[in-house]
2 protein chains.
Amino acid sequence: MVPPSPSTSDDKSPRRARARAILEAAEAILVEEGYEALSARAVAERAGVNKALVFYYWGSTAELFERVLERYYARHKDALREAFGQDGSLEERLHRGLDGYLDFMEANQAYARLVQQQVSTGGPHLALVQRHLGELLGATSELLAALTPQGGPLSAKHFHLSLSAAVINYFTYAPVLGEEHWGRDPMSAEALAERRAHLHWMVDAWLRALDATLPQGTRPAPTGGQR
Amino acid sequence: MVPPSPSTSDDKSPRRARARAILEAAEAILVEEGYEALSARAVAERAGVNKALVFYYWGSTAELFERVLERYYARHKDALREAFGQDGSLEERLHRGLDGYLDFMEANQAYARLVQQQVSTGGPHLALVQRHLGELLGATSELLAALTPQGGPLSAKHFHLSLSAAVINYFTYAPVLGEEHWGRDPMSAEALAERRAHLHWMVDAWLRALDATLPQGTRPAPTGGQR
DNA sequence: ACGCGCTTTGACCGATCGGTTAATACCCTG
DNA sequence: CAGGGTATTAACCGATCGGTCAAAGCGCGT
């Protein structure tokens with residue numbers, strides 16, 4: 001027996017190939033059938049491999065799932081970094097960041113479901129999700145610091161939560177509403193473009209309202225409530 | 001053996017008492033431990049009752065869950081109806097509706113988790129959730145018809161989705177972020193009040209931006225995109 | 001006291017789960 | 001060819017799940 005060592009990423013090639021095949025099978029199942037369909041047996045069958053190999057290479061199904069989820073988070077952060085990193089005014093970068101976010105979500109529709117599912121079930125992988133959610137919140141809060149007060153109802157974290165909610169929940173709720181309630185297939189290119197326009201409009205509305213609400217150009221730091 | 005008939009609500013009292021006790025036990029488990037902890041055995045144990053009685057009175061655990069969920073939906077709709085039904089300008093009623101929504105969510109924090117969990121897992125009760133989500137969407141869309149265009153990115157359904165996302169996801173995501181990432185206990189009275197203020201501010205920002213975007217007082221009906 | 005119908009019980013079923021293990025196949029090196 | 005580490009396999013384990021069932025308890029009218 002050998003130390004499973006699924007973490008080190010540069011092993012001998014045949015070993016890594018098998019391990020990767022199993023990981024890919026797991027991701028495919030998550031994408032197509034969701035979290036509850038992810039069983040060691042299902043993964044093994046999909047990868048064309050004996051069930052025991054799943055444990056041999058990955059130790060447990062939980063580990064396997066977390067690796068898939070971490071790949072998603074890594075890709076997500078890359079996408080945001082790239083979209084945000086361009087030059088331009090903060091407003092422009094904000095809109096570009098939103099576009100990058102949406103591009104990523106459109107391309108990885110399972111991601112929203114998986115995260116939201118862990119969050120809403122208090123699943124066994126909450127700690128991992130919590131860590132990444134915290135990182136994302138911290139990063140955007142830093143970027144918005146120039147626009148919003150540091151505390152109170154107009155602080156960056158509220159906008160982060162509201163915007164990401166409006167993004168994520170489209171991908172989780174709209175498909176459930178479906179064509180009959182939403183009016184058309186929510187995942188069609190036209191519907192996605194319409195949603196994108198809505199979110200950009202919303203961001204603009206926020207920016208304008210922030211300008212109107214906060215007196216001078218830079219942020220004051222009110223702690224008290226609004227309204 | 002007798003027809004289980006869990007639906008009829010006015011039976012003999014001893015029978016209903018037992019059935020209710022089981023239902024309450026199920027709800028308690030859902031509130032305290034979540035959906036995956038809802039097993040026939042757990043319910044029976046909690047209700048102090050033989051496991052077979054769960055099936056005798058409710059037919060299946062699925063039925064039991066749906067009854068609990070439907071009670072939540074009924075209460076939710078009552079709360080919204082009452083909050084919206086007051087007189088006043090549409091804007092005032094909108095803010096009151098938001099307050100009613102938030103009051104309800106604060107008082108029933110399990111509700112958001114249960115719904116979101118069904119949505120994000122594609123759970124076995126999606127059909128029920130879909131029906132109620134559709135009803136809620138239809139109702140608010142009707143109310144907003146006077147303020148928003150009938151189609152496109154500023155149509156009522158987009159605002160419904162964005163607002164409910166911003167409300168619901170606070171109750172599902174903020175607790176996961178926790179005190180360490182959110183800055184203080186997100187479910188404390190002060191944090192809840194701050195979130196409430198944020199959402200009211202957001203609605204106001206939307207209303208002002210809608211006024212600025214749409215030329216005359218009443219709605220035009222553009223179909224095309226924005227931005 | 002009897003019987004009848006509703007209620008309650010514990011034992012049981014088959015399926016599925018994650019995970020283990022001991023035996024075997026494979027392959028490369030000496 | 002021999003040996004040793006790696007990879008792979010089938011069989012097995014205990015736990016849990018939803019659900020069923022036949023028997024037993026029980027209350028009540030006759």
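- Atoms CD (A/Glu45) and P (C/dC17) sit 10 Å apart, rounded to a whole Å.
- Considering only side-chain atoms of B/Lys51, the nucleotide from D/dC17, D/dT20, C/dG19 that sits closest is D/dT20.
- Side-chain contact between A/His132 and A/Val115: absent, with no pair of heavy atoms (C-beta onward) separated by less than 4.5 Å.
- Between A/Tyr170 and A/Trp182, the ring-plane angle classifies as perpendicular under the 30° and 60° cut-offs.
- Proximity of A/Thr61 to the phosphate of C/dG19: a side-chain N or O atom is located under 4.0 Å from OP1 or OP2.
- Using a 4.0 Å heavy-atom cutoff across all strands shown, A/Leu38 reaches sugar-phosphate atoms only and no base atom.
- A/Arg18 has a side-chain polar atom (N or O) that falls below the 4.0 Å cut-off from OP1 or OP2 of D/dT8.
- Ionic pairing of B/Glu24 and B/Arg20 is present here: one or more N-O contacts between side-chain nitrogen and carboxylate oxygen are shorter than 4.0 angstrom.
- Residue A/Tyr56 places its side chain closer to D/dA7 than to any other of D/dT20, D/dA7, C/dG18.
- As rounded to whole Å, 16 Å separates atom P of D/dT8 from atom CZ of A/Phe55.
- We find that CG of B/Asn50 is positioned 12 Å from C1' of D/dT20, with the value rounded to whole Å.
- For C/dG18, neither phosphate oxygen OP1 nor OP2 lies less than 4.0 angstrom from any side-chain nitrogen or oxygen of A/Ser60.
- In this structure, B/Phe65 places its CZ atom 17 Å from P of D/dC17, rounding to the nearest Å.
- The salt bridge (charged side-chain N to carboxylate O under 4.0 Å, His left out) contacts involving residues 129-138 of chain B comprise B/Glu70-B/Arg131, B/Lys77-B/Glu135, where partners must be two or more places apart or lie in separate chains.
- Between A/Ala40 and B/Leu53, the residue anchored closer to the 5' end of DNA chain C is B/Leu53, taking for each the nucleotide with the nearest heavy atom.
- When distances run from any side-chain atom of A/Arg41 to the nucleotides C/dT9, D/dT9, D/dC12, the shortest one goes to D/dC12.
- With C/dT8, C/dG18, C/dT20 as the choices, the nucleotide that has an atom nearest any side-chain atom of A/Ala52 turns out to be C/dT20.
- The CH2-C1' distance, from B/Trp58 to C/dT7, rounds to 16 Å in whole Å.
- Picking from C/dG19, D/dT8, D/dT20 the nucleotide with the shortest atom distance to the side chain of A/Tyr57 gives D/dT8.
- Distance B/Glu36 CD to D/dG18 C1': 16 Å, rounded to the nearest Å.
- Under 3.5 Å, the side chains of B/His76 and B/Asn108 contain no donor-acceptor pair of N or O atoms.
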